[in-house]
Amino acid sequence: MLNVVLFGPPGAGKGTQSEILREKYSLVHISTGDVFRMHIKGATELGTLAKSFMDRGELVPDEVTIGMLRAEVEKHHGAAGFIFDGFPRTSAQAAALDELLHSMNTSISGMVALEVNQEELIERLLNRAKTSGRADDADENIIRNRIAVYEKETSPVADYYKSHNKYFGVIGVGDIEKITQRLCDIIDRLK
Ligand code: AMP
């Protein structure tokens, strides 16, 4: 299996690139943010809980997120592989993902990380707010909190993969196609 973590701060382009990579490599794309938004739309109990954190730019608690991710992975028996977008976001989530994949006799092939500077991220998210309808994109204070949470709680996850020689950073600024090419150059070597 080819199992890729697509990593990067909010607004780095993970969703856009995940969709392109999903198609190219026939992977199942799991975006935990998208799954939470589906639950919010469906007014489920999980959706109500997730919304209270998402609206503030905080992380949804690990137990909830890990349980949901596990259920999503289990829906796709026989997949050629997965692209994880927006997960893992904490060290506990990274450990849980390893454990889950281990139980399926597989593992993370590598983490590819989109590197984008903070001012560009804020500009992109405020722009995206015009079409995304996402409350967490529309308010600069919430965006800044999401980036702060990323730096404090999520960026250490990269060190976890670095220590296993599974971290590959790419410059996430420029033409979408050029960024895709940089990602593919790495993923082709992970196959
Ligand atoms: P995203 O669509 O990846 O930008 O995620 C939007 C929001 O969903 C985040 O700001 C968090 O509140 C929540 N979220 C998404 N993925 C996770 C995760 N792996 N762990 C905790 N919260 C998450």
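Start at 1 and go down the list; that is how both ligands and their atoms are numbered.
For ligand 1, the polar-atom distance check finds an N/O of Arg37 within less than 3.5 Å of one of the ligand's N/O atoms. Ligand 1 has no nitrogen or oxygen under 3.5 angstrom from a nitrogen or oxygen of Asp34. In terms of polar-atom proximity, defined here as any N/O pair under 3.5 Å, Ser31 makes no such contact with ligand 1. Taking only nitrogen or oxygen atoms, main chain and side chain alike, Phe36 does not reach within less than 3.5 Å of ligand 1. Considering backbone and side-chain atoms alike, Gly86 places an N or O below 3.5 Å from some N or O of ligand 1. Among the atoms of Asp136, none of the N or O lies under 3.5 angstrom from an N or O of ligand 1.
Classified by interplanar angle (parallel below 30°, tilted 30° to 60°, perpendicular above 60°), the ring pair Phe82/His76 is perpendicular. Under the 30°/60° scheme for interplanar angles, the aromatic rings of Tyr160 and His164 are found to be tilted.
Using a 4.5 Å heavy-atom threshold, the side chains of Leu27 and Phe84 count as separate. Looking only at side-chain heavy atoms (C-beta outward), Arg22 and Glu19 come within less than 4.5 Å of each other. At least one side-chain heavy atom of Leu6 sits less than 4.5 Å from a side-chain heavy atom of Leu183.
Residue contacts with ligand 1, taken as heavy atom pairs separated by less than 4.0 Å, involve Thr65 solely via side-chain atoms from C-beta onward.
When only non-hydrogen protein atoms are considered, atom 22 (N) of ligand 1 lies nearest to Val60 N, 3.0 Å. The shortest contact between atom 20 (N) of ligand 1 and any protein heavy atom is with Gln93 NE2, 3.0 Å. With respect to atom 16 (N) of ligand 1, the closest heavy atom belonging to the protein is Thr32 OG1, 2.8 Å. Taking atom 5 (O) of ligand 1 as the reference point, the nearest protein heavy-atom neighbour is Arg89 NH2, 3.5 Å. For atom 13 (C) of ligand 1, the closest non-hydrogen atom of the protein is Met54 CG, 3.7 Å. Residue, atom and distance of the protein heavy atom nearest to atom 12 (O) of ligand 1 are Glu58 O, 2.6 Å.
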CA sep, side-chain torsions, deciding dist, call: Asp34, Arg37, salt bridge (charged side-chain N to carboxylate O under 4.0 Å, His left out): CA-CA 5 Å; Asp34 283 351; Arg37 281 183 288 276; 2.8 Å; yes

Stepwise side-chain hydrogen bond (donor to acceptor under 3.5 Å, both in side chains) test for Asn127 and Glu123: CA-CA 6 Å; Asn127 248 319; Glu123 196 184 312; 4.9 Å; no

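If you check each of Arg134, Met68, Glu153, Arg146 against atom 6 (C) of ligand 1, the one with the closest non-hydrogen atom is Arg134.
Ion pairing of Arg146 with Asp139 is absent here, as no side-chain N (NZ or NE/NH1/NH2) approaches a carboxylate O to less than 4.0 Å.
By the 6.0 Å and 45° rule, Lys162 stacks over the aromatic ring of Tyr167. Relative to the six-membered ring of Phe53, Arg56 meets both conditions, a distance below 6.0 Å and an angle of at most 45° to the axis.
Every heavy atom of Arg56 sits 4.0 Å or more from the atoms of ligand 1.
Within ligand 1, counting atoms from 1 as listed, the ones closer than 4.0 Å to a heavy atom of Gly33 are 2 (O), 5 (O), 15 (C), 16 (N).
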